Asker: 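What follows is a single structure, and I will ask about it in a moment.
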Protein chains: 2
Amino acid sequence: MKLQLQITMNEALFLRNPESSELGKNILKHSVQLIYKTGFEAFTFKKLAEDIGTTEAGIYRYFENKHKLLVYLTAWYWGWLEFQISYHTNNINDPTIKLKRVIKLLATAVQDDEQTSHINEKLLHQIIIAEGSKAYLTKQVGADNKQHFFKPYKDLCAVIGAIVSECSPKYKYPKSLASTIIEMAHFQNFFMNHLPSLTDFGNTKEETEIIAFLNDLVFTSLEKS
Amino acid sequence: MKLQLQITMNEALFLRNPESSELGKNILKHSVQLIYKTGFEAFTFKKLAEDIGTTEAGIYRYFENKHKLLVYLTAWYWGWLEFQISYHTNNINDPTIKLKRVIKLLATAVQDDEQTSHINEKLLHQIIIAEGSKAYLTKQVGADNKQHFFKPYKDLCAVIGAIVSECSPKYKYPKSLASTIIEMAHFQNFFMNHLPSLTDFGNTKEETEIIAFLNDLVFTSLEKS
DNA sequence: TATTTATGATAGTAATACTACCATTTAGAA
DNA sequence: TTCTAAATGGTAGTATTACTATCATAAATA
C-alpha cells in the first residue's frame with residue numbers, strides 16, 4: 001500500500017493548482033532543485049522553464065511571480081512538517097518527550113519522503129533554512145498575511161506553543177519560545193555551516209549539537225517556571 | 001564639544017569610501033531612508049540616484065551593487081552597536097548587569113545618534129530587523145565571509161558570548177546563545193509587529209516584553225549551569 | 001464529433017542592473 | 001596662479017528580468 005499525502009494549499013497562492021497537472025508538479029519539483037542550486041535571488045522563471053523544457057509563459061500560468069512560488073513552497077513545508085510532528089508525537093502522553101521529538105524533527109536533515117513523489121523534502125529543508133525567512137521579510141508581509149499565506153507557519157507555531165504550555169502551564173512565553181525554537185533550529189544550522197564562529201558547533205558541524213543546545217535552552221526555561 | 005564617531009569599514013565593501021565625500025554621505029543617508037521606505041527588494045540605484053539628485057553612474061562609483069551596500073550598512077550597524085555596548089557597559093563589573101544592558105540595547109528602538117550625522121540609526125535599526133539577515137542569507141555567503149564582510153557581526157557575537165561566559169563559565173553554548181539573543185531581539189520585534197500570533201506580545205506590542213522574554217530565556221539557562 | 005482546457009511557441013514591453021564614455025567642476029600640487 | 005588630477009554630471013547603450021499578449025496545436029471531456 002502506498003498512501004499519498006496531500007497538503008491543502010491556500011488557493012490565493014497560485015493561479016492554477018500545480019498539484020493538478022504534470023507541468024505543475026514539474027514546476028514544484030524543478031523549482032526546489034533550482035532554488036537549492038542557485039539561491040532565490042538568482043532563480044528566475046526563465047531558467048526554471050528551460051530546466052523543465054517549457055516556456056516562461058507556461059510557468060506564469062501557475063504562479064504570478066517567484067515570491068508567490070517561494071511562499072507556496074514554504075507553506076507546503078510547514079504543512080508537511082506539522083503532519084510529521086503530529087505523526088511522530090501521536091500516542092505520546094508525556095509533553096516533554098513530545099517537545100523533544102519536535103526539536104529533533106525541526107533540527108534534523110529530512111529524508112526525501114516517498115509519500116510525496118514530486119517534492120524533495122531534503123532539498124526543501126535546505127531551502128527553508130537559507131531562504132525561508134525571505135517569504136515574510138518583505139514590505140508585503142501585511143498584505144500576504146491578510147490573505148493567510150503564513151497560516152501553516154502560524155499553525156505549526158501554535159502546535160509547538162501548546163506543547164510548551166503542556167510541559168509548563170505557567171510559562172509566560174509559549175508562542176515566542178515556539179517561534180524561537182523554529183527559527184533557531186534553522187539559523188543555527190545555517191550559521192554552523194557558513195558562519196561557524198557564531199555558534200559553538202563549528203568543529204563538529206553536527207546537527208545533534210544544535211538539538212542539544214535547543215533542548216538545554218528550552219527545558220531549563222520550562223523547568224524553572 | 002562634539003565628538004565624531006568614525007567606524008572603520010572593510011575597504012572591499014566599497015569602490016570609493018562613502019564617508020570621504022558629500023555624495024558618498026548622501027548615498028548612505030538616502031539609502032537608509034529609501035530602503036526603510038520601499039524595502040530592499042524594490043530598492044534600486046536608479047531610485048536612489050533620483051532621490052539624491054545624482055545619476056545611477058554616480059552611485060556605482062561608490063558601490064558595486066545593492067547587495068554590497070546592504071552588507072555595508074549592516075556591518076556599519078554592528079560596528080556602531082558594539083561601540084554602544086562597550087560605552088554603556090563600561091565600568092560595570094557585574095556581568096549579569098552587563099548582559100541585561102546588552103539585551104536592552106539590542107531590543108530597544110534606537111535614538112538617532114547626533115554623533116553620526118548622516119546615518120539615521122533609528123531607521124537603520126528597522127532596516128536591520130527587516131532586511132539584516134538578507135546580507136548573509138545568500139549563495140555568496142562563503143565568498144563574502146572570506147572577505148571578512150561579516151566581521152563586525154562576529155565580533156559583536158564574540159563580545160556578547162564573552163559576557164555570557166563571564167556570567168556562567170560552565171555554560172556550554174555561549175556563542176550560540178549570543179547569536180540567538182541577537183537574532184531573536186530582531187525577529188521577535190518583526191513578528192510582534194507583523195505576525196503577532198508568533199509571539200506573546202501581540203496585545204501590547206511593547207519592546208519591554210521582548211526584553212523580559214529574552215532575559216527570562218537567557219538567565220534561567222545561565223543560572224542553571 | 002464538438003468543444004473546452006492545457007500547453008507550446010513567439011513576440012513584445014518596461015524596468016533592472018549594470019558598463020562606457022565624455023564634459024565639466026572642484027580641489028590640491030607645483 | 002596655473003596645472004593637473006580627481007570627483008561628479010550627463011548621456012547612451014546592453015543584457016537580463018519580469019512580466020503580458022496572442023495564436024496555434026494537442027489532449028482531455030462532454
Side-chain angles (χ1 to χ4, degrees), chain A residues 9 11-31 34-35 37-73 118 131 134-135 138-140 143-144, chain B residues 9 11-31 34-35 37-73 118 131 134-135 138-140 143-144:
Chain A
M9 299 297 297
E11 303 220 336
L13 280 172
F14 51 76
L15 299 168
R16 184 174 301 176
N17 189 345
E19 299 276 0
S20 73
S21 72
E22 276 313 304
L23 179 59
K25 285 175 195 165
N26 264 322
I27 290 172
L28 297 179
K29 182 180 173 181
H30 285 85
S31 65
L34 195 58
I35 294 173
K37 190 173 138 200
T38 66
F40 187 65
E41 279 71 38
F43 168 80
T44 69
F45 277 5
K46 186 157 190 215
K47 289 176 194 165
L48 177 59
E50 278 161 20
D51 235 44
I52 297 174
T54 181
T55 58
E56 243 182 311
I59 317 282
Y60 277 105
R61 286 194 189 103
Y62 284 84
F63 289 100
E64 234 178 289
N65 53 51
K66 69 174 186 170
H67 175 248
K68 286 254 173 86
L69 174 53
L70 179 67
V71 176
Y72 182 99
L73 291 174
H118 52 288
E131 325 284 356
K134 296 172 192 170
T138 70
K139 277 284 156 183
Q140 327 130 55
D144 286 357
Chain B
M9 299 297 296
E11 302 219 337
L13 280 172
F14 49 76
L15 299 169
R16 185 174 300 177
N17 190 344
E19 299 277 0
S20 73
S21 72
E22 276 313 303
L23 178 58
K25 286 176 195 164
N26 264 322
I27 290 172
L28 297 179
K29 181 178 175 181
H30 285 86
S31 64
L34 195 57
I35 294 173
K37 191 173 138 199
T38 66
F40 187 64
E41 279 71 38
F43 168 80
T44 69
F45 278 4
K46 186 157 193 216
K47 288 176 195 165
L48 177 59
E50 279 162 19
D51 234 44
I52 296 174
T54 181
T55 56
E56 243 182 312
I59 317 281
Y60 277 105
R61 285 193 192 104
Y62 284 85
F63 289 100
E64 234 178 288
N65 52 52
K66 69 175 186 171
H67 175 247
K68 285 255 173 85
L69 176 52
L70 179 66
V71 176
Y72 182 100
L73 291 173
H118 52 289
E131 326 282 357
K134 295 171 193 170
T138 70
K139 276 284 156 183
Q140 327 131 56
D144 286 357

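Just so we're clear, the structure is a prediction, and the values are computed from it rather than from any experiment.
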Asker: Does the side chain of B/Tyr62 get closer than 4.0 angstrom to OP1 or OP2 of D/dT8 through an N or O atom?
Answerer: yes
Asker: Using whole Å, what does the distance between atom P of nucleotide D/dA7 and atom CD1 of B/Ile52 come to?
Answerer: 17 Å
Asker: Which pair of heavy atoms, one from B/Ile52 and one from B/Ile27, lies closest together, and at what distance?
Answerer: CD1-CA, 3.6 Å
Asker: Between P on D/dT16 and CZ on B/Phe45, what's the gap in Å once rounded to a whole number?
Answerer: 20 Å
Asker: Could you go through nucleotides 25-29 of chain D and list every protein N or O atom that sits under 3.5 Å from one of its N or O atoms, giving the distance for each pair?
Answerer:
none

Asker: Could you write out each protein N or O paired with an N or O of nucleotides 9-11 of chain D at a distance under 3.5 Å?
Answerer:
unit_1	atom_1	unit_2	atom_2	d
D/dG9	OP2	B/Thr54	OG1	2.6
D/dG9	N7	B/Arg61	NH1	3.4
D/dG9	O6	B/Arg61	NH2	2.7

Asker: Looking only at non-hydrogen atoms, find the nearest pair between A/Leu34 and A/Thr44 and report the distance.
Answerer: CD2-O, 4.4 Å
Asker: For A/Glu56 and A/Ala49, which heavy atoms make the closest approach, and how far apart are they?
Answerer: N-CB, 3.5 Å
Asker: Over how many whole Å does the gap from A/Glu50 atom CD to D/dA18 atom P extend?
Answerer: 13 Å
Asker: Sort out for me which residue in B/Ser31, B/Ser21, B/Ser20 forms a side chain to side chain donor-acceptor pair (under 3.5 Å) with B/Tyr62.
Answerer: B/Ser21
Asker: Residues in side chain to side chain contact (heavy atoms under 4.5 Å, CB included) with B/Lys37, at least two apart?
Answerer: none
Asker: Among residues 13-22 of chain B, which ones have heavy-atom contacts with DNA chain D below 4.0 Å?
Answerer: B/Arg16, B/Ser21
Asker: Are any of the side-chain heavy atoms of A/Ile59 and A/Leu69 separated by less than 4.5 Å?
Answerer: no
Asker: Over how many whole Å does the gap from B/Asn65 atom CG to D/dT16 atom C1' extend?
Answerer: 15 Å
Asker: Calculate the interatomic distance between B/Lys66 atom NZ and D/dT16 atom P; express it in whole Å.
Answerer: 19 Å
Asker: Looking at A/Leu13 and A/Phe63, what are the two nearest heavy atoms and their distance?
Answerer: O-CD2, 3.6 Å
Asker: Could you check whether atom NZ of B/Lys46 has more than 12 heavy atoms from other residues, nucleotides or ligands sitting under 6.0 Å from it?
Answerer: no
Asker: Can you tell me how the ring of B/Phe45 sits relative to the ring of B/Phe43, calling it parallel under 30°, perpendicular over 60° and tilted otherwise?
Answerer: perpendicular
Asker: Please test B/Asn26 against B/Thr54 for side chain to side chain contact (heavy atoms under 4.5 Å, CB included), starting from the C-alpha separation and ending with a verdict.
Answerer: CA-CA 10 Å; B/Asn26 264 322; B/Thr54 181; over 6 Å; no
Asker: Which residues pass the side chain to side chain contact (heavy atoms under 4.5 Å, CB included) test with B/Glu41, sequence neighbours left out?
Answerer: B/Glu131, B/Lys134
Asker: Taking all heavy atoms of B/Asp144 and all of B/His67, pick out the closest pair and write down the distance.
Answerer: OD2-CE1, 2.8 Å
Asker: Given B/His118, which of B/Lys29, B/Glu22, B/Glu19 fulfils the side chain to side chain donor-acceptor pair (under 3.5 Å) condition?
Answerer: B/Glu19
Asker: Check every nucleotide of DNA chain C for an atom under 4.0 Å from a heavy-atom of chain B, then give the first and the last such nucleotide from 5' to 3'.
Answerer: C/dT16 to C/dC21
